[in-house]
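Proteins come first, then strands; the chains are lettered A, B, ... in the order of their sequence lines, and each starts at number 1. Bear in mind that the values here come from a model prediction, so they are computed numbers and not experimental data.
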There are 2 protein chains.
Amino acid sequence: MTPCDTCVVRNRAICSGLDDAELVALNNIGRRRNVTAGEPLIWEDDDSLLVANVIEGVLKLTTSTEDGREQIVGVAYPSDFIGRPFGQTSSASVVALTDARVCVFSRNDFDRFAREHPELEHKLLERTLAELDRTRSWMMLLGRKNASEKIATFLLEMSDRLADSSCTGAIGPAKRFSLPFSRQQVADLLGLTIETVSRQFTKLKNDGVVELPSRREVEIVNRGALLALAG
Amino acid sequence: MTPCDTCVVRNRAICSGLDDAELVALNNIGRRRNVTAGEPLIWEDDDSLLVANVIEGVLKLTTSTEDGREQIVGVAYPSDFIGRPFGQTSSASVVALTDARVCVFSRNDFDRFAREHPELEHKLLERTLAELDRTRSWMMLLGRKNASEKIATFLLEMSDRLADSSCTGAIGPAKRFSLPFSRQQVADLLGLTIETVSRQFTKLKNDGVVELPSRREVEIVNRGALLALAG
DNA sequence: TTGCGTTTTTGATATCGGTCAAGGTCTGGG
DNA sequence: CCCAGACCTTGACCGATATCAAAAACGCAA
C-alpha cells in the first residue's frame with residue numbers, strides 16, 4: 001500500500017470532488033504519524049511541518065502568555081485540518097489530548113497540491129469559514145457568559161461533537177460521553193480556573209442535571225436544564 | 001462606467017491573479033452601497049444578500065444573547081470581506097461604526113463567480129485563515145487577560161490597524177488616531193463594562209501613557225509602557 | 001494490597017470588575 | 001445662546017470568581 005492509506009479513506013469528506021488519480025496523488029504526499037496523549041505536534045513558530053489532517057483522536061490548539069496563562073483557542077476532531085498553509089506560520093501550539101493519528105503534509109507539498117486542485121481549496125475554504133464561525137461564537141462565551149453558562153454551553157457542545165465520532169450509529173447528540181479534557185483543560189477552554197470548573201460540575205451534579213460516574217465520564221440527565229443554563 | 005467601479009480598483013489586492021476580463025466580470029456582479037454610521041448591513045439569519053467587500057469605513061460583527069449582552073466578534077476594515085459564501089448563513093450581525101461604502105454581491109452570483117475563478121478562492125482562503133488567526137489571539141485576550149491588559153492590547157491593535165488605512169504615507173503604527181468605537185463598543189469588543197473601560201482609560205491618562213484630547217482621539221505617549229501592560 | 005504522585009474537590013479569603021447611582025460633558029437643533 | 005439627549009466619568013458598594021491552602025479521590029506500579 002502507499003503511505004497514509006487510511007488518510008485517503010478518511011479524507012473523502014474533504015476531498016470529494018477529487019478524482020481517483022488525484023486522491024492517489026494526495027495520498028503520496030502525506031505521511032501518517034501517531035501522537036500519544038500529551039505530546040505536542042507542532043511547536044509555536046516551527047514552520048517545518050505544518051499542515052495535518054486528523055484521522056483519529058482529539059488535539060488542542062493553544063496560545064499562552066509568558067507568565068504561563070493558557071487559552072485553548074481550538075479543538076481538532078477527526079477529519080479536521082490543522083495548520084496554516086500558504087506561507088504563514090501558525091500562532092498556536094498543537095498538543096494531543098488523546099492518543100491520535102494524523103496525516104501530516106510538508107507545507108510546500110501541500111501548498112503545491114492545493115493550488116493545482118481547486119476543489120480541495122474550495123473544501124478547505126468552506127471548512128475554514130465554518131471554523132471561524134465556531135470560533136466567533138466561542139468569543140461570545142469567553143467575553144460575555146458567566147461560569148455556569150460557560151459550563152452548560154461546553155457540555156452541550158461536547159455532547160454534539162462527540163456524537164459524530166463515536167460511530168455507534170445513533171443519530172443526534174450523545175447523552176453519555178467521555179470527556180477528552182482534564183479539569184484544567186476545561187478551564188483553559190472556558191477562561192476559568194480549575195476550582196471554578198470543579199465547583200460548577202459539582203453543582204450540576206447536586207442539582208440532578210448531570211451524572212459524573214468518573215472524572216472523565218459525563219451523562220446528561222436533564223438536557224433541557226442545560227439548554228436553559230447555556231442561554 | 002460599469003457599476004461598482006471603485007470596487008474594482010480597491011479589489012486589486014484581493015483579486016490579483018485575475019486578468020482584466022475577469023475583473024470586469026466581477027465588477028458586473030457587485031453593487032456599491034453606502035451605509036451610514038450605526039446602520040446595519042446584514043441582519044442575523046438574513047441570507048438574501050450575503051457577501052460584501054469593504055471599500056471605505058469600519059464595520060463591526062456582533063453576536064448577542066437574548067437578554068441583550070453583546071460581544072463584538074470581528075471588525076471589518078477597508079478591503080476586508082464580510083459574509084458567509086457557499087450556502088451557510090452567518091451567525092453575526094453587521095453594523096457600520098463609521099459611514100461606510102461597501103461592494104455587495106448576491107450570494108448566488110458570488111458563489112458562482114468564485115467557483116469559476118480559483119485564484120479568487122485562493123485569496124479568500126488566505127484571508128479567512130488570517131482572520132481566524134486574529135480571532136484566536138483575541139480569544140486569549142477575552143479568556144485570560146485582565147482589564148488593563150485588554151485595554152493596552154486594544155490600543156496597540158488600533159494603532160496598527162489604523163496606520164494602514166490613513167494613507168498618510170507614514171509607515172508603521174500610528175502614534176495618534178481617531179477611534180471608530182464608542183466606549184460601549186470598546187467594552188463589547190473586550191468583554192468589559194463601559195465603566196471599567198472608562199476607568200482604565202482615565203488611569204492610562206493619569207499615568208502619562210496616553211493623551212485623550214477628545215472622546216474619540218487617542219495619542220500614544222509611552223508605547224513601551226503599553227507594550228509592557230499588554231503582556 | 002500498599003504507597004506515592006497527580007488530579008480533583010472543598011473551604012476560607014481576597015480582589016477585580018460589575019452594578020447601581022449621580023453628576024459632568026459633549027453635540028446638535030431650535 | 002440655550003436646551004435636550006446621548007455619552008462619558010466618577011464614586012460607593014457588592015458579588016462572582018480568583019487565589020491560597022488543605023484534604024480527598026484516583027490511578028498506577030511495585
- Query: Does R199(B) have a side-chain nitrogen or oxygen under 4.0 Å from the phosphate oxygens OP1 or OP2 of dT9(D)?
  - Reply: no

- Item | Side-chain donor/acceptor of E195(A) to base of dC20(D), under 3.5 Å | yes

- Within the pair T196(A) and dA18(D), is there a side-chain N or O less than 4.0 Å away from OP1 or OP2? yes

- Task: Rounded to the nearest angstrom, tell me the gap between atom CD in Q200(B) and atom P in dT9(D).
- Result: 12 Å

- Minimum-distance nucleotide (side-chain atoms of R215(B) versus dC8(D), dT8(C), dA18(D)): dC8(D)

- Rounding to a whole Å, what distance do you find between K203(A):NZ and dT9(C):C1'? 17 Å

- Decide side-chain hydrogen bond (donor to acceptor under 3.5 Å, both in side chains) for E195(B) and S198(B); before the verdict, give the C-alpha distance in whole Å, the side-chain angles of both, and the deciding distance to 0.1 Å. CA-CA 5 Å; E195(B) 294 94 334; S198(B) 180; over 6 Å; no

- Message: I want to confirm an ordering. Mapping S182(A) and R144(A) to their closest nucleotides on DNA chain C, which one lands closer to the 5' end?
- Response: S182(A)

- Calculate the interatomic distance between L204(A) atom CG and dT9(C) atom P; express it in whole Å. 12 Å

- From the candidates dT19(C), dT10(D), dT19(D), the one with an atom nearest any side-chain atom of T202(B) is dT10(D)

- Interatomic distance, K145(A) NZ vs dT17(D) P [rounded to whole Å]: 14 Å

- Taking every non-hydrogen atom, the tightest pair across A230(B) and A152(B): N-CB, 3.7 Å

- Please give, in whole Å, the distance from dT10(D) C1' to I194(B) CD1? 13 Å

- Task: State whether D67(B) and R69(B) are salt-bridged, where the test is any N-O pair (Lys NZ or Arg NE/NH1/NH2 against Asp/Glu carboxylate O) under 4.0 Å.
- Result: yes

- Task: Could you verify whether a donor N or O on one side chain and an acceptor N or O on the other, from E217(B) and S178(B), lie under 3.5 Å apart?
- Result: yes

- Query: Which nucleotide in the set dT8(C), dT17(D), dA21(C) lies at the smallest distance from any side-chain heavy atom of R183(A)?
  - Reply: dT8(C)

- Message: Does either side chain, that of K203(A) or that of S148(A), offer a donor lying less than 3.5 Å from an acceptor on the other one?
- Response: no

- To the nearest Å, give me how far apart CG (L212(A)) and C1' (dT9(C)) are. 12 Å

- Provide, to the nearest angstrom, the distance between the CZ atom belonging to R216(B) and the C1' atom belonging to dC26(C). 12 Å

- Selection from dT10(D), dT17(D), dG17(C) that lies nearest to any side-chain heavy atom of A147(A): dT17(D)

- Query: dT10(D), dA18(D), dG18(C): which one has an atom nearest the side-chain heavy atoms of L192(B)?
  - Reply: dG18(C)

- When we call it a touch if two heavy atoms are under 4.0 Å apart, what does S214(A) touch: a base, just sugar-phosphate, or nothing? nothing

- Quick one: I151(A) CD1 to dT8(C) P, roughly how many Å, whole number? 13 Å

